[in-house]
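Following: one structure in structure tokens, then a few remarks.
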Amino acid sequence: MKKHLMTMALAAMSLLSVQAQEITISEARFKTGDNIAWKDVKFDDGQWQKVPVGELWTKFGVTNPNNYAWYRMKAVIPKSLLDKAFNKNAIKISVAKVDDCDETYLNGKLIGKMGSMPHDAGGFKMAWDDWRNYVVDAKDIHWDQENVIAVRVYNGGDPGGIFGGKVTIAPVLLNDIIDINFTEVNAPEGSVCKVAVNSKIAVKGSLDVKVIDLENGKELSSQTVAIGKKSKPLTVPYDLHKQVRLKATYTDAKSGAQAKENYSPKYILTPAAPLTPRYNGPLVYGVRTGSPVILRMAFSGEKPMKYSIKGMPEGLKVNAQTGVISGAVKKAGNYKLTFVAENGKGKTEQAFTLKVGEKIALTPPMGWNSWNCWGLSVSQEKVISSAQAIIDKGLADYGYAYINVDDAWESAERNPDGTIGTNEKFPDMKGLGDWLHENGLKFGIYSSPGDYTCGRYLGSIDHEEQDAKTYNEWGVDYLKYDWCGYGREYDKHNDHSVAAFARPYMKMQQYLREQPRDIFYSLCQYGMSEVWKWGHAVDANSWRTTGDITDTWESLYEIGFGLQVGLEPYAGPGHWNDPDMLIVGKVGWSNNLRDTRLTPDEQYTHISLWALLASNMLIGCDVAQMDDFTVALLCNNEVNAVNQDILGKQARQAVVDGDLQIWIRPLADGSHAVGLFNVGNGDLNVNLANYRTALGFSKPFESARDLWRQKDLDNSLFFIPSHGVKLLKIR
């Protein structure tokens, strides 16, 4: 009877696989710990925990930091899986993603590995964000019988495990054999893309590449080339200032099978700034009475430029050559100023309000932070390099002012008097602050309310007053205060109240406010205990609402679209929600920098959403290596004006219609900024007029302006590519 039931089960599995041409495994046996015998086919895992595949193990109640765990899965693999395979000598086993590294075994044999584990020669190395697609020789499969897949995982800190998708078993198709690679090149004659076919086996066929204008759907060009042993990449020219898509199709000569790949190269929508002076910065600035004013007038245009101010209050001065304002104002009040900039091409005046009182951070901070590029390898030299590039590449002319040193500047031990010192990478912290201030930039630093920071450097616990005084002596204008090591202190007490989370932040703020300078106070505690509801009570100027962001669509989507919904009531002038730093340009969290993994469309979505959310705009890449695309992405004055709008209202999610999300933000001039986001994997055509009522408008739109292209529109029909955006200003 048991044999008969097994035969029926095998038949059912075989039928399902033939229909789907893929086997999906959604459940596994799971056990923490490590024993290499757990890879063996005959090992009895009957007492192991049953868990879902595709969710981090903290989701099903497992805490297992800095440790091993194993998954074991069983599947009948029918021979019919090869019927439609391009390569009938292999199959593909996908293990989605693994946090942080894995060894994957099939029937006891190692078939794939990503990252490295503590027992490996090179020590532990993460590979948590890489897809595991392992090609397996057909001879290693037990066809039409049960096979055992065992995955050994090492996790460098919770959460951990298999995530991002199910485990699948599928035939090897042409797309698995060949890769169509695209390489963007800035040639003397203009932008071109090199398109090449790389194959794991010898192939012969043809490659066709079409260039499509995504604004109107028109085919701009088409090329076809033969592919063989000595074929060269195909050179495809395109217009850098058009939003285009390259559609590549490889056709195999023998089988007729095709592999297709689409690619969107970088495109610049921001129009070139005029040579005449143009103001691009905030329209208001808050400073406490008597505190130093450090402000650079944000005018783009041909240099050299001459700067002056009408109506400047007593105590301030302006450098006519650099536009840097310095000094202090002793009398509270709202001072109406006029900024004046003049060069060989013309003259511009800009109304500006200086608010001297008790409130700072009247608009979200704009600047740079070292973490997403350099991580723990940051140094004073690297900080100065990016700061100088902020000036040289013109980002300072768009309001980017804060230069923030993240973790890894601290000395190994405190000085004999208990004060904090710097390590050898930062030989002169006060000198760094002075240099930044001379150039109209602000100086940010990092610490933790715990004994150690995230990078295991000294924290501020029991030295808060000393550290606040030291920051003042160095000229610090911004403190990022990271929970990290304080978790050990928090765990000592059986108190999980809001007060327990607020206590260490309140303590440091007391001493920050005693200093004779304004220090922007940034809470970094990942949104615990709904910090947006009480962050203002500890006088914080911003608070992280999420965990750390990474340069993937999944991370951007979860943090930006998932975790910011409903937080708009808690943001406003002086206090901002912070969904973390920007992930455009070259990042890497180490000495090994690379281009962000976000597509160009995803990068436009990223900046558009952060502008709508009134987020901190802290660049996370090495500015010295920033290309023209990234500069244009960060230096669009009309997009930045949304982020810096003086009304200070954060956008709300107004529409969710399938893959379309519409976020809307009221602006100080009575208009609204509206972001139409396509969060799906396919393209969308959207008629904004259909959502007028959902957006709260009773009348037709009077006007609409494309903020990225900086042009007025005459209709409400928009094409939005996958993971792309249309950012508008409407009345």
Side-chain angles (χ1 to χ4, degrees), residues 240-241 268-285 293-313 316-327 335-354 362-363 366-367 387-401 438-441 607 611 617 623 626-646 667-671 673 703 705-713 727 729 731:
L240 181 63
H241 297 278
I268 294 176
L269 299 182
T270 302
L275 296 178
T276 54
R278 185 184 71 190
Y279 186 73
N280 309 296
L283 301 179
V284 64
Y285 182 80
V293 172
I294 302 159
L295 183 62
R296 185 185 179 103
M297 296 163 66
F299 283 95
S300 60
E302 185 178 77
K303 303 295 190 295
M305 195 174 288
K306 183 179 179 181
Y307 305 88
S308 60
I309 299 176
K310 297 178 182 179
M312 186 164 55
L316 294 187
K317 62 180 180 179
V318 61
N319 185 312
Q321 284 70 49
T322 64
V324 174
I325 305 168
S326 59
Y335 296 88
K336 301 296 184 180
L337 315 181
T338 301
F339 289 170
V340 183
E342 185 175 4
N343 64 12
K345 302 297 182 181
K347 180 179 179 180
T348 299
E349 296 188 355
Q350 175 63 53
F352 185 87
T353 301
L354 177 67
L362 300 182
T363 61
M366 300 179 69
Q388 186 64 56
I390 287 272
I391 298 170
D392 295 343
K393 291 179 179 287
L395 281 85
D397 296 337
Y398 286 80
Y400 292 94
E438 288 169 9
N439 286 279
L441 302 176
I607 302 302
M617 296 289 282
V623 186
M626 192 180 287
D627 61 11
D628 291 344
F629 165 79
T630 310
V631 171
L633 197 66
L634 296 170
C635 294
N636 185 305
N637 63 309
E638 295 191 21
V639 173
N640 289 358
V642 174
N643 176 265
Q644 295 290 295
D645 186 74
I646 61 174
L667 302 177
D669 65 0
S671 65
S703 65
R705 183 168 175 82
D706 185 324
L707 292 180
W708 280 110
R709 292 173 174 81
Q710 299 188 0
K711 68 178 184 179
D712 295 330
L713 304 171
L727 183 63
K729 184 176 182 179
R731 292 187 182 275

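Reckoned from all heavy atoms, side chains included, excluding hydrogens, waters and symmetry mates.
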Can you measure from CD1 (Ile309) to OG1 (Thr338) and round to the nearest 0.5 angstrom?
9.5 Å
Aromatic rings Tyr279 and Phe352: how do their planes relate, parallel, tilted or perpendicular, breaks at 30° and 60°?
perpendicular
With a 4.0 Å cut-off, would you call Lys729 and Asp645 a salt bridge?
no
From the options Arg296, Lys317, Glu438, select the one residue that forms a side-chain contact (heavy atoms from CB on, under 4.5 Å) with Ser326.
Lys317
Hey, could you give me the OG1/CG distance between Thr630 and Asp627, rounded to the nearest 0.5 Å?
4.0 Å
Side-chain heavy-atom pair Ile607, Leu634 within 4.5 angstrom cut-off:
yes
Side-chain (Asn343) to main-chain (Glu302) donor-acceptor, under 3.5 angstrom:
yes
Gln388 side chain to Asp392 side chain, donor-acceptor N/O pair below 3.5 angstrom
yes
Flag side-chain contact, heavy atom, 4.5 Å: Ile390 against Tyr398:
no
side-chain contact (heavy atoms from CB on, under 4.5 Å) between Gln710 and Asn637: does it pass, once the steps are laid out?
CA-CA 9 Å; Gln710 299 188 0; Asn637 63 309; 2.8 Å; yes
So, taking the atom named CD in Glu638 and the one named CG in Asn280, what distance separates them when rounded to the nearest 0.5 Å?
10.5 Å
Side chain Lys303, main chain Gly301, donor-acceptor under 3.5 Å:
yes
With a 4.5 Å cut-off on side-chain heavy atoms, are Val340 and Met297 touching?
no
Calculate, to the nearest 0.5 Å, the distance between atoms CD1 and CG belonging to Ile268 and Asp628 respectively.
5.5 Å
For Ala273 and Ser300 the tightest heavy-atom approach is CB-OG, 4.1 Å
How many angstroms lie between atom NZ of Lys306 and atom CG of Asn319, to the nearest 0.5 angstrom?
12.0 Å
So Leu316 and Leu354, do their side chains get closer than 4.5 Å, heavy atoms only?
yes
I'd like to know if the side chain of Asp669 and the backbone of Ser671 have a donor-acceptor N/O pair within less than 3.5 Å.
yes
Nearest 0.5 Å please: distance from the CG atom of Leu727 over to the CG atom of Leu269.
11.0 Å
Under 3.5 Å, is there a donor-acceptor pair between the Thr363 and Gln644 side chains?
yes
Using every non-hydrogen atom in the two residues, find where Cys635 and Asn640 come nearest and quote the distance to one decimal.
CA-ND2, 4.3 Å
Criterion side-chain contact (heavy atoms from CB on, under 4.5 Å) against Phe299, the qualifying member of Arg278, Met305, Glu342
Met305
For Gln321 and Tyr307, work out which heavy atoms get closest and say how close.
O-CE1, 3.5 Å
Determine whether a donor-acceptor pair (N or O, by modelled atom type, separation under 3.5 Å) exists between the side chain of Asp706 and the backbone of Lys711.
no
For a quick test of reading the model, state the closest non-hydrogen atom pair linking Ile294 to Tyr285 and the distance between them.
O-OH, 3.5 Å
Show the nearest heavy-atom pair for residues Ile646 and Ala668, with the distance to one decimal.
CG1-CB, 3.7 Å
Determine, step by step, whether Arg705 and Leu713 satisfy the side-chain contact (heavy atoms from CB on, under 4.5 Å) criterion, reporting the C-alpha distance in whole Å, the side-chain angles of both residues, the deciding distance to 0.1 Å, and the verdict.
CA-CA 6 Å; Arg705 183 168 175 82; Leu713 304 171; 6.0 Å; no
Write down the atom of Leu707, the atom of Val639, and the distance for their closest heavy-atom approach.
O-CG2, 4.0 Å
